[in-house]
Amino acid sequence: MLTIKFIDENKDYVIQRLAVKRFNAKEIIDVILGLDKQRRQIQNQNDNIQATLNAIAKEVGVLYKTGKVKEAEEAKVKTAQLKEESKQLVIDLEETELNLKNKLVQVPNVPHITVPDGKSAEDNVIVRSGGALPNLTSDAVPHWDLAKKYDIIDFELGNKLTGAGFPVYKGKGSKLQRALINFFLDEGEKAGYKEYMPPLMVNEESGYGTGQLPDKEDQMYHATLDNLYLIPTAEVPLTNIWRDAIVNSSEFPIKATAYTPCFRREAGSYGKDVRGLNRLHQFDKVEIVQIQHPSKSYETLEEMVNHVEGLVKKLELPYRIVRLCGGDMSFTSALTYDFEVYAAAQQRWLEVSSVSNFESFQANRLKLRYKDDGDKRTNLAHTLNGSALALPRIVAALLENNQTTNGINIPEVLIPYTKFNVID
RNA sequence: GGAGAGAUGGGUGAGUGGCUGAAACUAACGGUUUGCUAAACCGUCGUACCUCACAAGGGUACCGGGGGUUCGAAUCCCCCUCUCUCCGCCA
């Protein structure tokens, strides 16, 4: 959520930059600024009435104490009408605030100045790429066939236990998951991230805090009896740690990482996108989060991108980093880099990480503020997060790219974790 | 799940209808003094909104959340949430 102040002070810029996200902001911004003006007027009126009421109440107290009962009774009479007026104003105020908020949450984050114009994924800009594309033999097969051949991931068994999109990892497949998780967490720790193990279910407030609610409600599994949501990403519990917090800027950067399973309903997905590990309802991911001073958040974004790049490099996967264009960016992001790895048998680039700077968009909802030393004022912090990394598509690429006639080779860096060097 | 107790500012904790946005102590920060890993003393020390220059000043709201009684509520009443203790159940 953008702040009204920012919109007010940068109206033309906001309209112009939101056009890059294919969002026409002109009209809604006028409505927002109008509602805000109205809101201030109403509050001002009501404050004045309250002040009068408070004064009368004080007076009545004194009159009673000095035995002037008659005068006190007279003073009381005056309050009735003021209270009526105030009541109506409070109703108006609440309604106006609600309207205002409803409009405000419809406005996406303003894309950073470097975000390219564009409609869809076609218009994303490849920033850089690395790693060599493997030369597979002609009998190379996609990962879902390999999973079956070596009996390491069982999709049918998952169907039996739960349903589509809930695979069962077996034997070396299971150990590979564990290895990747530990590898990612260890790398995160080396880079200065503090490890957390958060709850996998969150309450409504947390859902609102990071923006999954209200609009992405149907993407989350909802335990209605207790009104809890299964997390779609560790970003939700991890970032909400700092909901309603005021930190001293000397604590920046705050760096947190967590491994969690992630649960996504993925309503509306179909076709080759959901084949095998490409898209699941439950998957494992290590997430990194940073909270940073606004003046340094873009340096931090670069640092996070470099961290993720280091991971795919160490896994020896062919990758490319793309800067998302306005049309392909998420609602909440100001700048996003996607990481894609090449799955050689499917001959597809698979998105494995998305690293974003949300600037103060998320912090505004979270009420995550900071204070500079010696300054009484609070400001909104900047939040950033990224996957480092999501497992399934990494596994898909590892299996497909490293297949040989003798089995699937494990990248060097993972062997200390898997304790085996080939899946056969 | 049953019974009871409780929820106050960074922490401890006072306050049961007006003089309380809230004592006291403590932590933190700034300063004075003395000087050796410190003490004493003084000062500052919640958030949001309105007015307004995001200054000073003024106003309003907030003592877990919501509603009510009253001229006036941290204080009384109702509902909810959470925490603690005991019992039950249990990895």
Side-chain angles (χ1 to χ4, degrees), chain A residues 1-11 32-101 104 197 199-209 213 223-229 237 240-251 254 293-295 360 363-382:
Chain A
M1 195 163 70
L2 295 172
T3 64
I4 292 168
K5 205 176 128 221
F6 179 80
I7 294 174
D8 190 25
E9 286 169 1
N10 304 281
K11 189 176 157 186
I32 286 169
L33 294 179
L35 282 170
D36 184 52
K37 193 175 171 192
Q38 198 179 321
R39 180 197 122 250
R40 293 203 312 270
Q41 276 172 358
I42 297 170
Q43 169 149 4
N44 203 0
Q45 283 177 47
N46 190 47
D47 281 0
N48 288 336
I49 290 177
Q50 284 302 326
T52 310
L53 283 171
N54 286 344
I56 292 173
K58 212 162 240 177
E59 192 188 317
V60 170
V62 174
L63 290 172
Y64 271 125
K65 221 152 247 174
T66 52
K68 296 176 179 165
V69 177
K70 191 172 271 177
E71 287 90 333
E73 295 297 329
E74 280 168 19
K76 275 195 205 178
V77 177
K78 290 189 286 185
T79 62
Q81 199 199 333
L82 287 172
K83 277 167 83 175
E84 263 324 296
E85 280 177 43
S86 172
K87 214 172 186 176
Q88 186 56 46
L89 285 171
V90 168
I91 292 169
D92 290 351
L93 186 64
E94 280 170 357
E95 197 187 315
T96 308
E97 280 177 343
L98 189 69
N99 273 338
L100 182 57
K101 187 154 186 203
L104 210 49
M197 221 187 243
L200 305 182
M201 298 182 102
V202 293
N203 57 27
E204 238 178 331
E205 278 173 292
S206 295
Y208 277 101
L213 293 174
T224 52
L225 209 54
D226 296 293
N227 198 25
L228 297 173
Y229 294 86
N240 270 283
I241 291 173
W242 291 275
R243 167 155 50 86
D244 269 317
I246 300 174
V247 299
N248 192 294
S249 61
S250 61
E251 293 171 48
I254 295 171
H293 195 279
S295 64
S360 61
N364 190 28
R365 273 221 198 174
L366 289 163
K367 297 279 165 278
L368 164 50
R369 293 94 91 210
Y370 71 91
K371 277 185 188 179
D372 283 316
D373 262 336
D375 195 340
K376 278 188 169 182
R377 289 174 299 184
T378 61
N379 301 293
L380 292 171
H382 280 193

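Here is how names work: the chains are called A, B, and so on, in the same order as the sequence lines, proteins then strands, and each is numbered from 1.
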Are the side chains of A/Arg369 and A/Asn379 in contact, using a 4.5 Å heavy-atom criterion? no
Looking only at side chains, do A/Gln50 and A/Asn54 share a donor and an acceptor under 3.5 Å apart? no
After noting the C-alpha distance and the side-chain angles of A/Glu73 and A/Tyr64, does the key distance pass the side chain to side chain contact (heavy atoms under 4.5 Å, CB included) rule? CA-CA 9 Å; A/Glu73 295 297 329; A/Tyr64 271 125; 2.8 Å; yes
Inter-nucleotide C1' distance (B/G68, B/A28), Å rounded: 40 Å
Rounded to whole angstroms, how far apart are CG on A/Leu380 and P on B/U47? 14 Å
Rounded to whole angstrom units, what separation is found between the CG atom of A/Asp226 and the P atom of B/C80? 16 Å
Nucleotide-level pairing of RNA chain B, given in dot-bracket where Watson-Crick and G-U pairs need both distances under 3.5 Å and | marks other strands: ((((((((.[[[..)..(.....]]].(((((.......))))).((((((.....)))))).[[[[[..)....]]]]])))))))....
Take atom P in B/C82 and the same atom in B/C71, then report the distance between them in whole Å. 36 Å
How many whole angstroms separate atom CD of A/Glu73 from atom P of B/U70? 13 Å
Could you tell me how far B/A74 sits from B/G64 if I compare only their C1' atoms? Round to whole Å. 12 Å
Could you go through A/Asp36 and A/Leu100, starting from their C-alpha distance and side-chain angles, then the distance that decides it, and tell me whether this counts as side chain to side chain contact (heavy atoms under 4.5 Å, CB included)? CA-CA 7 Å; A/Asp36 184 52; A/Leu100 182 57; 4.0 Å; yes
Considering only atom C1', compute the distance from B/U20 to B/U8 and round it to an integer number of Å. 12 Å
Indicate yes or no for a side-chain donor-acceptor contact from A/Thr52 to the backbone of A/Asn48 under 3.5 Å, with no hydrogens or angles considered. yes
Separation of B/C80 P from A/Glu205 CD (nearest whole Å): 18 Å
In sequence, state the C-alpha distance, the side-chain angles, and the governing distance for A/Glu85 and A/Gln81, and then conclude on side chain to side chain contact (heavy atoms under 4.5 Å, CB included). CA-CA 6 Å; A/Glu85 280 177 43; A/Gln81 199 199 333; 3.3 Å; yes
With a 4.5 Å limit on heavy-atom distance, are the side chains of A/Asn44 and A/Arg40 in contact? no
Heteroatom pairs (N/O) under 3.5 angstrom, protein to nucleotides 17-20 of chain B:
{"from": "B/G18", "atom 1": "N2", "to": "A/Ala57", "atom 2": "O", "distance (Å)": "2.6"}

Has the side chain of A/Asn46 got a donor or acceptor atom that lies under 3.5 Å from a matching backbone atom of A/Leu89? no
Once you round it to whole Å, what is the distance between P of B/G72 and CG of A/Leu82? 11 Å
Side chain to side chain donor-acceptor pair (under 3.5 Å) contacts in which one or both residues fall within residues 1-11 of chain A, not counting sequence neighbours: A/Lys11-A/Asp30
Side chains of A/Lys87 and A/Lys83, heavy atoms from C-beta outward: is any pair under 4.5 Å? no
Distance, rounded to the nearest Å, where A/Glu204 contributes CD and B/G65 contributes P: 18 Å
Rounded interatomic separation in angstrom, taking CZ from A/Arg243 and C1' from B/U47: 17 Å
When rounded to the nearest Å, what value does the distance between P atoms of B/A73 and B/G67 take? 14 Å
Scoring nucleotides 48-63 of chain B by protein non-hydrogen atoms under 4.0 Å (B base, S sugar-phosphate only, - none) yields SBSS--B----BSS--
Can you tell me how far P in B/C25 sits from the matching atom in B/A14, rounded to whole Å? 15 Å
Integer angstrom distance from the C1' of B/U16 to that of B/A56: 38 Å
Please state the P separation for the pair B/A5 and B/G9 - nearest whole angstrom. 23 Å
Under the ring-ring contact (aromatic ring centres under 6.0 Å, His included) test, residues paired with A/Tyr370 that sit two or more places apart: A/Phe252, A/His293
It should be established whether A/Lys83 places a side-chain nitrogen or oxygen under 4.0 Å from OP1 or OP2 of nucleotide B/G72. yes
Under the side chain to side chain contact (heavy atoms under 4.5 Å, CB included) test, which residues partner A/Glu205, sequence neighbours left out? A/Asn203, A/Arg243
